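One structure is given below, encoded as structure tokens.
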Amino acid sequence: MQLSTRLGFDDRASLRSGVDENVTVDVLLNDLPGVPQITVAIVTPPADGTATVLTEAPDTNKIRYTPPAGNPPDSEQVIEYQITDANTTA
């Protein structure tokens, strides 16, 4: 299966104010499986806080969002990412 036949779907996660320091999202979990050697790259970071693509197992290709220290945003944060395999970018 080539990436061009892979369908990516939106992902959502929530932080509990005063409880969670960050959230890690398996952005490939709800996509069609079967494409080996996929990489994930952040195209547009969140407006508030930081997003990092994790590179070590078991969290490879998951995205960790960390809100600003001491001031978690009250609004939804959008992180755009790109999926790439050896042949295709989506």
Side-chain angles (χ1 to χ4, degrees):
M1 176 186 287
Q2 291 187 348
L3 189 57
S4 59
T5 62
R6 181 184 180 92
L7 295 177
F9 297 96
D10 290 345
D11 303 284
R12 294 201 177 281
S14 299
L15 285 170
R16 296 169 292 170
S17 183
V19 177
D20 297 321
E21 293 182 14
N22 59 55
V23 63
T24 300
V25 181
D26 187 348
V27 297
L28 301 176
L29 184 64
N30 64 341
D31 300 335
L32 293 178
V35 180
Q37 300 179 340
I38 288 180
T39 58
V40 174
I42 295 172
V43 176
T44 305
D48 296 305
T50 60
T52 305
V53 177
L54 303 177
T55 58
E56 294 186 22
D59 294 326
T60 303
N61 287 327
K62 294 179 183 179
I63 294 177
R64 176 169 293 147
Y65 169 72
T66 304
N71 188 21
D74 292 330
S75 62
E76 179 176 272
Q77 298 297 304
V78 176
I79 302 164
E80 292 184 19
Y81 61 92
Q82 177 176 291
I83 302 169
T84 305
D85 72 1
N87 302 312
T88 310
T89 298

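All of these numbers come straight from a predicted model, not from anything done at the bench.
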For this session: Measure the CG-CG distance between Asp26 and Asp59 for me, rounded to the nearest 0.5 Å.
Result: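 Atom-to-atom, Asp26:CG and Asp59:CG are 8.5 Å apart.
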Exercise. Once you round to the nearest 0.5 Å, how far does CG of Asp48 lie from OH of Tyr65?
Worked result: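 It is 6.0 Å, given to the nearest 0.5 Å.
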Exercise. Looking at Thr66, Val78, Ile79, which hits side-chain contact (heavy atoms from CB on, under 4.5 Å) with Pro46?
Worked result: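 Single side-chain contact (heavy atoms from CB on, under 4.5 Å) partner of Pro46 among Thr66, Val78, Ile79: Ile79.
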Least distance between heavy atoms, [X] atom then [Y] atom:
X     : Y     : result
Thr52 : Ile42 : N-CD1, 3.7 Å
Phe9  : Tyr81 : O-OH, 3.8 Å
Ala41 : Val53 : CA-CG2, 4.2 Å

Exercise. Looking at residues at least two apart in the chain, or sitting in another chain, which of them share a side-chain contact (heavy atoms from CB on, under 4.5 Å) with Glu21?
Worked result: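 Here no residue qualifies.
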For this session: Go through the structure and list residues passing side-chain hydrogen bond (donor to acceptor under 3.5 Å, both in side chains) with Asn22, not counting sequence neighbours.
Result: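 None.
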For this session: Check the hydrophobic clustering (I, L, V, M, F, W, Y; side-chain heavy atoms under 4.5 Å; chains of links allowed) and say if Leu28 and Leu54 are grouped together.
Result: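 Leu28 does not cluster with Leu54.
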For this session: Report yes if the side chains of Val27 and Asn61 come closer than 4.5 Å at any heavy-atom pair, otherwise no.
Result: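 Val27 does not reach Asn61 side chain to side chain.
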